[in-house]
Enquirer: 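Just passing along the structure, written as structure tokens.
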Protein chains: 2
Amino acid sequence: MKIHSFKTNESGLNRFFGPLEAKIMHILWNGPEMAIKDVQARLVKEQAINFNTVMTVMNRLVDKGVLRKRAEGRVSLFQPTQSLEQFLETQSKELTNDLLEEFGPLVVNHMLDALEEADPALIEQLEQKIQALKKER
Amino acid sequence: MKIHSFKTNESGLNRFFGPLEAKIMHILWNGPEMAIKDVQARLVKEQAINFNTVMTVMNRLVDKGVLRKRAEGRVSLFQPTQSLEQFLETQSKELTNDLLEEFGPLVVNHMLDALEEADPALIEQLEQKIQALKKER
DNA sequence: TTGCGAACATTACAATAGGTAGTGTGAGGT
DNA sequence: ACCTCACACTACCTATTGTAATGTTCGCAA
């Protein structure tokens with residue numbers, strides 16, 4: 001399995017995951033390899049939550065391929081299959097390609113409209129890359 | 001209601017809609033204001049489909065705000081609330097903004113990587129817009 | 001005037017995704 | 001021999017989407 005949808009009405013990890021899934025991924029990305037009860041312990045600080053609930057969701061994340069599970073004696077230890085950086089890199093690349101494929105020039109315009117108002121540094125970066133590209137040809 | 005998710009594993013209208021929803025929107029975007037039975041007639045050319053099924057889905061599309069329903073005597077006529085162009089414009093803009101918000105510079109790089117392999121004309125367009133932007137300042 | 005048929009409304013069921021949690025099982029330590 | 005803890009299995013709930021049966025209404029024709 002993989003990530004199939006990007007939610008426009010959410011933010012951060014909630015764009016890729018359900019709310020509990022997102023919290024769990026957040027914990028695993030900001031800490032070491034962990035057992036279920038470790039994750040649960042961190043979640044409980046916010047909100048009471050059943051051990052089995054955490055287990056079920058974590059196992060589903062394993063099925064989706066975003067967590068890896070490893071037996072260490074009697075307990076299972078979990079860790080993300082990708083670093084957060086890799087994950088964001090992968091997802092943003094896939095999304096960007098999808099967008100360009102689907103919308104082509106429209107996206108370029110929107111991009112610039114957005115950059116115009118937002119971030120002069122990004123425009124600089126863009127121009128640098130374009131110049132670099134041109135020289136290569 | 002609105003569109004809340006963009007599916008990375010689909011293509012075209014299926015990125016925004018379920019498969020039947022997408023077919024229905026396709027028909028309404030490529031024809032005049034229509035009654036349910038007109039839509040059904042076109043769908044049936046491909047695949048037998050129950051009138052009520054079409055009705056239910058079309059009414060849901062009205063609830064979502066992507067179709068408008070208008071009573072004309074005994075029948076209801078349906079038509080998209082936006083043209084396909086407007087819809088794609090809106091969606092691609094929203095997605096582009098979301099992406100930049102969420103990933104910032106990562107997206108700019110992916111964009112250029114993609115453009116590099118894909119389309120020299122888009123790069124030209126990009127550069128034009130950047131020059132235009134610079135002059136404004 | 002009555003009643004049929006067409007269009008719409010209401011209701012419901014299946015599948016999938018995600019959140020929640022009860023019950024079952026097995027292995028280790030006491 | 002047994003108890004506990006971690007894990008497995010199963011199930012139920014909500015939402016979304018596809019599917020369709022049943023119920024209602026109203027104009028027109030006999």
Side-chain angles (χ1 to χ4, degrees), chain A residues 1-10 12-27 33-41 43-44 46-78, chain B residues 1-10 12-27 33-41 43-44 46-78:
Chain A
M1 227 186 285
K2 268 293 189 63
I3 304 294
H4 289 319
S5 103
F6 179 77
K7 302 182 188 94
T8 37
N9 54 329
E10 299 285 345
L13 292 178
N14 287 287
R15 297 198 119 115
F16 305 105
F17 299 101
L20 179 54
E21 292 178 325
K23 282 184 201 167
I24 290 173
M25 291 310 295
H26 178 78
I27 288 170
E33 200 182 21
M34 257 179 244
I36 298 169
K37 73 172 192 321
D38 301 323
V39 174
Q40 187 210 9
L43 287 170
V44 157
E46 255 185 61
Q47 262 272 316
I49 183 144
N50 188 284
F51 175 92
N52 285 338
T53 299
V54 181
M55 179 170 54
T56 300
V57 173
M58 285 176 73
N59 280 323
R60 285 176 183 163
L61 288 169
V62 171
D63 293 341
K64 290 190 190 174
V66 295
L67 287 186
R68 193 190 324 285
K69 183 193 208 166
R70 185 172 69 84
E72 175 75 41
R74 346 198 348 61
V75 301
S76 294
L77 297 181
F78 295 76
Chain B
M1 229 187 285
K2 268 296 189 62
I3 306 293
H4 288 319
S5 107
F6 179 77
K7 302 182 186 94
T8 38
N9 54 330
E10 299 285 345
L13 292 179
N14 288 287
R15 295 197 119 117
F16 305 104
F17 300 100
L20 179 54
E21 291 178 326
K23 282 184 201 169
I24 290 173
M25 291 311 293
H26 177 78
I27 289 171
E33 200 182 20
M34 255 181 248
I36 298 168
K37 72 170 194 309
D38 301 322
V39 174
Q40 186 209 8
L43 288 170
V44 156
E46 256 185 61
Q47 262 271 319
I49 183 145
N50 188 283
F51 175 92
N52 285 337
T53 300
V54 181
M55 177 170 58
T56 301
V57 173
M58 285 176 70
N59 280 324
R60 285 176 184 164
L61 288 169
V62 172
D63 293 341
K64 288 188 191 176
V66 295
L67 287 186
R68 193 189 325 283
K69 184 193 210 166
R70 184 172 70 84
E72 175 76 42
R74 345 196 350 59
V75 302
S76 294
L77 297 180
F78 295 76

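Naming convention: chains lettered A, B, ... in sequence-line order (proteins, then strands); numbering from 1 in each chain.
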Enquirer: In whole angstroms, how far is the P atom of dC7(D) from the CG atom of Leu67(A)?
Expert: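 In whole Å, dC7(D) P lies 14 Å from Leu67(A) CG.
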Enquirer: Quick one: what's the B/S/- string for nucleotides 18-23 of chain D, heavy-atom cutoff under 4.0 Å, read 5' to 3'?
Expert: BBBBB-
Enquirer: Taking the side chain as every heavy atom from C-beta outward, state whether Leu67(B) and Met25(B) have any pair of such atoms under 4.5 Å apart.
Expert: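 Side-chain contact under 4.5 Å: yes.
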Enquirer: Whole angstrom is fine here: how far is it from CZ in Phe16(B) over to C1' in dT17(D)?
Expert: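 Answer to the nearest Å: 17 Å.
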Enquirer: With a 4.0 Å limit, can you tell me whether Lys23(A) has a side-chain N or O closer than that to the phosphate oxygens OP1/OP2 of dG19(C)?
Expert: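 So the side chain of Lys23(A) is outside the cut-off, no N or O lying under 4.0 Å from OP1 or OP2 of dG19(C).
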Enquirer: Using atom CE of Met58(A) as one end and atom P of dG19(C) as the other, report the distance to the nearest whole Å.
Expert: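 Going from CE in Met58(A) over to P in dG19(C) covers 14 Å.
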Enquirer: For a side-chain contact (heavy atoms from CB on, under 4.5 Å) check, start with the C-alpha distance between Phe17(A) and Leu61(A), then their side-chain angles and the critical distance, and finish with the verdict.
Expert: CA-CA 10 Å; Phe17(A) 299 101; Leu61(A) 288 169; 4.1 Å; yes
Enquirer: When you check the phosphate oxygens OP1 and OP2 of dA7(C), does a side-chain N or O of Lys37(B) lie under 4.0 Å from one of them?
Expert: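 Checking Lys37(B) against dA7(C): at least one side-chain N or O falls below 4.0 Å of OP1 or OP2.
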Enquirer: Mind calculating the distance between CZ (Arg74(B)) and P (dT25(D)) to the nearest angstrom?
Expert: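 Nearest whole value for this atom pair: 13 Å.
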Enquirer: Quick check for you: to the nearest 0.5 Å, what is the distance between Arg15(A) atom CZ and Ile3(A) atom CD1?
Expert: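 CD1 of Ile3(A) is found 14.0 Å from CZ of Arg15(A).
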Enquirer: Hey, is the main chain of Ile49(B) close enough, under 3.5 Å, to the side chain of Gln40(B) for a donor-acceptor pair?
Expert: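 Checked: pair present.
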Enquirer: Are the side chain of Asn59(B) and the backbone of Thr56(B) linked by a donor-acceptor contact shorter than 3.5 Å?
Expert: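 It does not hold such a pair.
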Enquirer: Whole angstrom is fine here: how far is it from CG in Asn59(A) over to P in dT10(D)?
Expert: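 Those two atoms, CG and P, are 14 Å apart.
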Enquirer: Please check if the side chain of Ser5(B) supplies one atom and the backbone of Phe6(A) the other of a donor-acceptor pair under 3.5 Å.
Expert: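 Here the side-chain-to-backbone pair does not exist.
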Enquirer: In whole Å, I'd like the distance from the CG atom of Leu13(A) to the C1' atom of dG18(C).
Expert: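 Rounded to the whole Å, the gap is 16 Å.
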Enquirer: May I ask you to decide if Ala71(A)'s main-chain N or O and Ser76(A)'s side chain share a donor-acceptor pair within less than 3.5 Å?
Expert: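 Flag not set: sc Ser76(A) to bb Ala71(A) has no pair under 3.5 Å.
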Enquirer: What integer distance in Å separates Asp63(B):CG from dA15(D):C1'?
Expert: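 Whole-Å distance recorded here is 14 Å.
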Enquirer: To the side chain of Ser76(B), which of dA8(D), dC8(C), dC7(D) is closest?
Expert: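 Of the options given, the side chain of Ser76(B) lies nearest dC8(C).
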Enquirer: Could you work out which one of dC7(D), dC8(C), dA8(D) sits closest to the side chain of Lys69(A)?
Expert: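 Taking heavy atoms from C-beta onward, the closest nucleotide is dA8(D).
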Enquirer: Write down the distance between CZ (Phe51(A)) and C1' (dC9(D)), rounded to a whole number of angstrom.
Expert: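 From Phe51(A) CZ to dC9(D) C1': 14 Å.
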